[in-house]
Number of protein chains: 2
Amino acid sequence: MATQKSIADKLGLSISLVSRVLSGKAKEIGVAEETIKKVLDEAKRTNYTPNSAALSLRGVKTHTLGVITYDFEDPYFGIILGELHKIAKQRKFTLILAGSYQRDEDTLDLSAFAKHNIEGLIIVGSDRKKDWYENFNQKSIPSVQIGFTTDKIGANICLDESLSANLIASYLHKQKTESATLFFNHSLSHETFKTQHIKALTENGINILEDVICDGSISSVKSGIKQLKQLPDVIIAGDDIMATKIIRSLHELNIKVPEDVKVFGFDNISHARNFIPSLTTLNPPIKEMIQTAFDLVSSPSISKETLRFTPELISRESA
Amino acid sequence: MATQKSIADKLGLSISLVSRVLSGKAKEIGVAEETIKKVLDEAKRTNYTPNSAALSLRGVKTHTLGVITYDFEDPYFGIILGELHKIAKQRKFTLILAGSYQRDEDTLDLSAFAKHNIEGLIIVGSDRKKDWYENFNQKSIPSVQIGFTTDKIGANICLDESLSANLIASYLHKQKTESATLFFNHSLSHETFKTQHIKALTENGINILEDVICDGSISSVKSGIKQLKQLPDVIIAGDDIMATKIIRSLHELNIKVPEDVKVFGFDNISHARNFIPSLTTLNPPIKEMIQTAFDLVSSPSISKETLRFTPELISRESA
DNA sequence: CTGTTAGCGCATTCAA
DNA sequence: TTGAATGCGCTAACAG
């Protein structure tokens with residue numbers, strides 16, 4: 001591997017001179033044009049890459065961001081990661097899968113942070129209180145969470161929950177919908193939205209028949225459907241995947257969507273358009289959200305603000 | 001931050017002694033029990049974490065693996081990453097998103113490799129010839145690819161394509177299927193399987209009516225369906241997502257699945273069970289594959305073998 | 001059983 | 001305009 005020393009030796013110069021040239025401080029300090037050129041040429045010829053271990057040991061910025069997530073199976077995770085990676089590449093950042101805090105464990109492995117000198121943290125997904133907050137907070141690393149949280153440790157990017165609920169409620173209102181049933185799970189994002197849905201639906205004169213809580217499994221959804229006392233005009237699901245399972249359960253019980261019941265989703269997963277019936281849902285401006293998240297976390301002076309984004313209603317067959 | 005020096009100073013010991021204890025070589029060398037305890041206690045108290053920049057500068061193993069992918073939108077990507085991360089955590093490895101080689105660019109950003117001293121590379125997804133091979137190969141880093149490739153640079157984990165095709169063909173044969181139409185795209189994995197499908201179907205006396213090539217878009221699938229000269233007994237799709245789009249297109253044309261045509265998928269995406277009709281497909285043993293991949297890439301003596309796994313046929317409604 | 005020293009690759013201060 | 005020396009945190013060879 002080419003090092004500054006190998007270049008210096010070859011050219012009969014001192015290491016410090018080579019260092020100045022290579023770190024771009026040559027002009028500023030006043031190095032001879034010719035010397036600069038020699039060093040640069042030799043560096044190129046030998047394929048010199050600065051050793052980041054040495055840099056980071058010296059306290060130079062590592063341009064490394066940590067990504068942690070709650071749920072690798074989130075249908076959006078791949079897309080979010082792809083977007084993050086695209087921006088990271090442009091800006092010469094490296095992304096590290098710094099850890100995850102799974103449902104069952106409540107811990108986060110922070111060793112990767114220390115190990116690679118992470119400069120910022122991007123949290124993908126919604127969550128509640130973070131037990132690892134304390135450890136983490138010791139090293140004041142800027143962070144952004146993409147999703148809802150009850151325990152903000154840095155900046156926060158999320159959807160405007162009130163606006164989202166209003167979008168849906170007024171859409172349903174225009175369709176002369178009179179009654180609704182809610183299907184949500186216990187996740188924070190579901191609960192956040194549910195509160196807003198109840199408010200918005202009520203304001204739009206839509207009667208909430210029932211409020212079903214179920215985990216995401218198809219069996220739990222199906223039994224939720226079976227136990228319905230009355231079929232509403234519309235079922236509002238916490239997300240598209242749940243909507244999908246609801247429609248599937250209804251199908252198995254021979255209830256037609258949207259003829260007998262309408263179903264409203266949330267997320268606009270890639271699949272939503274091809275489902276039968278295609279899903280009416282809310283489409284979050286993912287790219288803008290990610291872009292903003294990256295800007296926030298990589299900016300030198302990060303604020304702890306919460307930025308809310310507005311989704312777009314996609315009207316399709318299911319509602 | 002706690003360093004060995006800070007511990008040594010506090011305890012009035014030498015740095016090297018602290019180093020020996022902390023790197024677990026104390027016993028071996030013969031350090032006083034009491035000293036060991038003192039150091040360990042102080043390390044714990046001050047939350048000591050070894051600085052990896054320093055370690056890697058000294059040439060100590062970094063326990064860092066790079067992950068690159070072809071396609072972040074692959075529905076399996078999140079799951080694969082989750083599995084990889086779980087194993088990595090157990091074994092104290094760190095995962096870096098080392099780069100991606102997108103369809104449009106044909107390049108790989110290798111700076112992350114150099115930057116973090118990556119010890120192994122995991123390639124997620126199928127691909128063809130790698131143009132970055134040459135750069136990469138200079139530093140002989142062990143690598144594993146999970147997926148098909150024409151240009152093996154290390155170990156290779158994939159499905160047994162011949163066996164998979166036979167599984168499907170004999171299943172269809174038992175159902176008295178007589179004719180089939182193929183829907184595949186230009187990706188390597190599709191093409192690999194298609195060849196095997198043609199062979200296996202023919203051997204099972206199933207007549208291949210047409211062989212449609214289309215990119216994944218719903219419009220291209222739909223126009224492919226419209227242009228069909230004749231409706232076969234079964235349509236075999238390159239993957240579940242394509243199967244989904246095929247069924248959707250058939251639905252829009254008022255053709256019933258499986259009554260009028262059967263549709264066979266591939267992958268068993270999480271969605272397959274809830275689709276209407278639920279997808280009959282092949283389920284790859286993802287966890288075992290990932291586990292094996294990790295074992296291979298993190299083992300000191302990696303072989304360049306290709307390991308083939310057998311999927312399981314999941315019979316549901318669509319075929 | 002423990003301490004001293006050197007050096008990994010680099011940026012920087014001080015000196016020339 | 002250039003070079004020598006220092007130190008970031010750590011391990012290992014060598015010396016007590």
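Residue numbering restarts at 1 for every chain, and letters A, B, ... go by the order of the sequence lines.
Per the geometry, CG belonging to A:Leu13 stands 7 Å off P belonging to D:dT2, to the nearest Å. At whole-Å resolution of the value, CG in A:Leu57 and C1' in D:dC8 are 4 Å apart.
Close approach of DNA chain C to chain A, defined as any atom under 4.0 Å from a non-hydrogen atom of the protein, starts and stops at C:dG9 to C:dT13.
Within the nucleic acid shown, B:Ser56 has no heavy atom closer than 4.0 Å to any nucleic acid atom.
Results of the salt bridge (Lys or Arg N to Asp or Glu O under 4.0 Å) test with A:Glu42 over A:Lys38, A:Arg45, A:Lys44 single out A:Arg45 as the only residue that passes. For the side chain to side chain contact (heavy atoms under 4.5 Å, CB included) criterion with B:Val124, the lone passing option out of B:Leu81, B:Ile80, B:Ile290, B:Val144 is B:Ile80. Of the residues B:Ile146, B:Leu307, B:Thr306, the one that meets the side chain to side chain contact (heavy atoms under 4.5 Å, CB included) test with B:Asn156 is B:Thr306.
Side-chain polar atoms of A:Asp160 and A:Thr310 form no donor-acceptor pair below 3.5 angstrom.
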Stepwise side-chain hydrogen bond (donor to acceptor under 3.5 Å, both in side chains) test for A:Thr149 and A:Asp151: CA-CA 5 Å; A:Thr149 175; A:Asp151 192 30; 5.9 Å; no
Start with the C-alpha gap between B:Asp74 and B:Thr69, add the side-chain angles, then the distance that decides, and say whether side-chain contact (heavy atoms from CB on, under 4.5 Å) holds. CA-CA 9 Å; B:Asp74 180 331; B:Thr69 186; 5.8 Å; no
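Between A:Phe93 and A:His63, the angle of the ring planes stays under 30°, which puts this pair in the parallel group of the 30/60° scheme.
Shown here is A:Gln90, whose CD atom has more than 12 heavy atoms of other residues, nucleotides or ligands within 6.0 Å.
Looking at heavy atoms from C-beta onward, A:Ile7 lies in side-chain contact with A:Tyr48 at the 4.5 angstrom threshold.
With DNA chain C read from its 5' end, the first of the two nearest nucleotides for B:Ala54 and B:Leu17 is the one closest to B:Leu17.
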List the protein contact pattern of nucleotides 11-16 of chain D with one symbol per nucleotide (5' to 3'): B for base contact, S for sugar-phosphate-only contact, - for none; contact means a heavy-atom distance under 4.0 Å. BBB---
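With hydrogens and angles disregarded, a donor-acceptor distance shorter than 3.5 Å links the side chain of A:Gln145 to the backbone of A:Gly125.
Across its full length, the helix from C:dC1-D:dG16 to C:dA16-D:dT1 shows an angle of 50° between the axes of its 5 terminal pairs at either end, rounded to 10 degrees.
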